[in-house]
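Data first, discussion second: the structure below is written as structure tokens.
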Protein chains: 2
Amino acid sequence: MARMSASDRRAALARAALTVVERDGVHAATTRAIVAEAGMPLGSFHYAVPSRDELLRDVVELVVAGEGDAAFAALLADAVDPADAIRRTLTAYLEHVRAAPGREQAMFELTQYALRTADLQDLPAEQYARYHALAARILTAAQAHLGIRWTVPVAELARLVVTVTDGVTLGWLADRDDAAAERTIDLAAAALAPFAEPASDPTN
Amino acid sequence: MARMSASDRRAALARAALTVVERDGVHAATTRAIVAEAGMPLGSFHYAVPSRDELLRDVVELVVAGEGDAAFAALLADAVDPADAIRRTLTAYLEHVRAAPGREQAMFELTQYALRTADLQDLPAEQYARYHALAARILTAAQAHLGIRWTVPVAELARLVVTVTDGVTLGWLADRDDAAAERTIDLAAAALAPFAEPASDPTN
DNA sequence: CCCGAAGTTGGTCAAGTGTCCCAGACACAT
DNA sequence: ATGTGTCTGGGACACTTGACCAACTTCGGG
């Protein structure tokens with residue numbers, strides 16, 4: 001095994017653990033499965049990290065941190081109106097899920113696991129705060145790109161958007177019905193579009 | 001232990017297993033925890049059911065079958081308009097979640113578990129089909145109660161409603177922010193209400 | 001009343017788990 | 001070169017888990 005600092009090894013273990021969780025689920029993420037994925041001997045595990053739960057915490061934080069760089073905002077440029085923009089963005093997200101179902105399922109599993117683990121109970125709140133903040137950034141950017149203004153607080157709309165993406169994802173994971181998911185997105189876009197008004201609307 | 005037929009015992013074990021899953025999570029639903037919950041000796045387990053995975057299948061089916069009797073439709077009577085009706089219904093659902101968070105979390109966990117288990121992969125689709133059917137029934141009933149007509153197919157609207165309830169539940173489970181969840185529901189109600197029109201609207 | 005079938009139960013096993021240990025190898029400053 | 005703290009990695013321990021068994025008790029029909 002190449003020599004590696006304990007902290008580097010810990011990071012490598014977290015990445016390996018995420019790979020295992022995506023592929024086989026949280027319950028399969030044993031210490032042995034993780035070190036096998038990382039190509040390390042078992043002994044390295046507890047040299048690099050005090051306990052398995054602490055590594056899982058790293059994994060959740062890895063997930064939370066790495067979810068932000070979404071290129072969704074770029075899509076806004078092509079959209080012709082708010083409904084179109086919302087539909088395109090949600091569709092892009094669905095494509096992302098379809099391309100790597102295990103990844104999104106891993107997010108849900110990790111959230112549920114954290115909720116059941118005393119030491120990790122604060123993580124889901126942080127995780128969702130980041131999701132909400134990300135959605136808020138996209139919505140704010142959309143105002144400039146589309147020349148519109150949201151008629152309700154962006155923070156509240158952001159939470160609703162995250163709610164819809166989570167719901168669409170869960171539903172699709174359950175029945176893998178692409179067409180139905182698309183229709184749900186169309187409907188959601190139509191439902192959310194009225195919250196936008198032209199930026200210079202004289203009625204305000 | 002009272003004498004009991006093997007099939008009755010199997011049903012009792014499935015109920016006990018559900019109780020354990022609600023309280024402690026899927027990973028805690030070991031054969032020993034289940035028989036302890038059911039007040040049975042360990043030996044009874046494999047007399048009544050061939051394997052643990054087969055009992056988990058029973059549990060998922062129990063969940064799928066027993067979710068339908070919601071009394072949500074009754075709330076429609078008091079509502080003054082579609083937005084109010086939707087808000088009341090979603091709020092009632094949120095109350096249901098808040099009263100027994102473990103229960104709804106168990107639903108999610110069981111769905112994820114089924115998706116990861118080869119023998120159970122067909123169950124989530126069935127589970128969500130039932131959710132969608134239930135939502136469709138409520139939406140159809142709402143038409144008569146409120147004297148309105150949905151301007152989009154009920155089946156599609158039903159899937160969106162389930163999407164929203166799932167998303168709201170997941171978000172609330174993560175951060176337990178009652179106020180934020182309430183506002184999300186308010187917003188969702190406002191967004192969905194325009195899909196209703198007076199039943200005798202002359203513009204159609 | 002008897003007897004085979006059905007049900008009960010504590011004990012046991014092999015596999016798998018998280019955690020820990022320690023003897024050795026390595027890198028680097030002195 | 002030598003020493004010191006860091007890293008390696010095979011092995012072990014205590015424990016849990018799902019599964020199984022064999023002896024025992026109870027039931028219901030002939």
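Convention: sequence-line order gives letters A, B, ...; per-chain numbering from 1.
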Legend entry - Any A/Y47 side-chain N or O less than 4.0 Å from OP1/OP2 of D/dC7: yes
Inset, instruction - Would you indicate what B/M40 reaches in the nucleic acid, counting non-hydrogen atoms under 4.0 angstrom: base, sugar-phosphate, or nothing? - result: nothing
Inset, instruction - Verify whether one side chain among B/E109 and B/H27 offers a donor that lies under 3.5 Å from an acceptor in the other. - result: no
Legend entry - A/R57 (side chain) donor-acceptor with A/D119 (main chain) under 3.5 angstrom: yes
Inset, instruction - Name the nucleic acid region contacted by B/A6, choosing base, sugar-phosphate or nothing; use a 4.0 angstrom heavy-atom cut-off, strictly under. - result: sugar-phosphate
Legend entry - Residue-level proximity of residues 8-17 of chain B to DNA chain D when a heavy atom falls under 4.0 Å: none
Inset, instruction - Indicate the atoms forming the closest heavy-atom contact of B/L13 with B/A38, along with that distance. - result: CD2-CB, 4.2 Å
Legend entry - Electrostatic pair B/D186-B/R183, nearest N-O below 4.0 angstrom: no
Legend entry - B/R15 and B/E37: CA distance, side-chain angles, deciding distance, salt bridge (Lys or Arg N to Asp or Glu O under 4.0 Å) verdict: CA-CA 9 Å; B/R15 283 193 303 274; B/E37 178 65 35; over 6 Å; no
Give me the distances for all protein-to-nucleotides 14-21 of chain D N/O pairs that come in under 3.5 Å?
| unit_1 | atom_1 | unit_2 | atom_2 | d |
| --- | --- | --- | --- | --- |
| D/dG18 | OP1 | B/R52 | NE | 2.8 |
| D/dG18 | OP2 | B/T31 | N | 2.7 |
| D/dG18 | OP2 | B/T31 | OG1 | 2.9 |
| D/dG18 | N7 | B/R32 | NH1 | 2.8 |
| D/dG18 | O6 | B/R32 | NH2 | 2.8 |
| D/dA19 | OP2 | B/H46 | NE2 | 3.0 |
| D/dA19 | OP2 | B/R52 | N | 2.8 |
| D/dA19 | O5' | B/H46 | NE2 | 3.4 |

Legend entry - Salt bridge flag under 4.0 Å for residues B/R88 and B/E95: no
Inset, instruction - Check the side chains of B/E126 and B/Y131 for a donor-acceptor pair under 3.5 angstrom, ignoring hydrogens and angles. - result: no
Inset, instruction - Give a yes or no on whether a donor-acceptor pair under 3.5 Å exists between the nucleobase atoms of C/dT8, that is its base, and the side chain of B/R3. - result: no
Legend entry - Short side-chain donor-acceptor distance under 3.5 Å, B/E156 and A/T184: no
